[in-house]
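Here, residue 1 is the first one in the sequence, and each next residue gets the next number.
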Amino acid sequence: MVSINKMKKFVKNIMQAVDTTPQLVGYKADIKTFCAMLTDWAKGDYKHISKRTGIIVGICIAYVLCPIDLIPDFIPVAGQIDDAAVIVFLLKAVKRELGFYRIWLAARDSAVIDIE
């Protein structure tokens, strides 16, 4: 399992990539949902992430956080392209899982019973 600190750093890197990489703008809603899912998973609130998704997330976290990239991050624009590609791959790989998470969120949020 990924530590909460690594998860927070990964989420921060993803959000920074969204803000600095025009190719990710169209994925912003899915990225926010993905980050919320990871946070709930890391806290133990959401337990429905498959082993496949956990493995994909772990590999992508390792790549994005690794200081050695195919294209070094210090190269303007081009340095973020490989991280953006990994993030897009990740979102496509976990698209179904994001749908399940959205259903879980809706059920959790509507589970409040009004007694009046």
Q. Just by modelled atom types, is the T33 backbone N or O under 3.5 Å from a matching donor or acceptor in the R102 side chain?
A. no

Q) Atom OG1 in T39, atom CG in D45: separation rounded to 0.5 Å? A) 10.0 Å

Q.
Which residue is it: W41, F34, F100, Y101? I am looking for the one with a ring pair (Phe, Tyr, Trp, His ring centres under 6.0 Å) to Y46.
A. Y101

Q | Where I49 and G54 come nearest, the two heavy atoms and their spacing | A | CG2-N, 3.9 Å

**Q.** 4.5 Å side-chain heavy-atom contact, D30 and K95
**A.** yes

Q. Out of K47, R108, H48, which residue meets the side-chain contact (heavy atoms from CB on, under 4.5 Å) rule with D40?
A. R108

Q) Is there side-chain contact between L98 and L91, with heavy atoms separated by less than 4.5 Å? A) yes

(Q) Starting from I31, can I reach F89 by hopping between I/L/V/M/F/W/Y residues whose side chains sit under 4.5 Å apart? (A) yes

Q | Cluster companions of I59 among Ile, Leu, Val, Met, Phe, Trp, Tyr (side-chain spacing under 4.5 Å) | A | I55

Q) Closest approach of A93 and R52, non-hydrogen atoms and distance? A) O-NH1, 3.1 Å

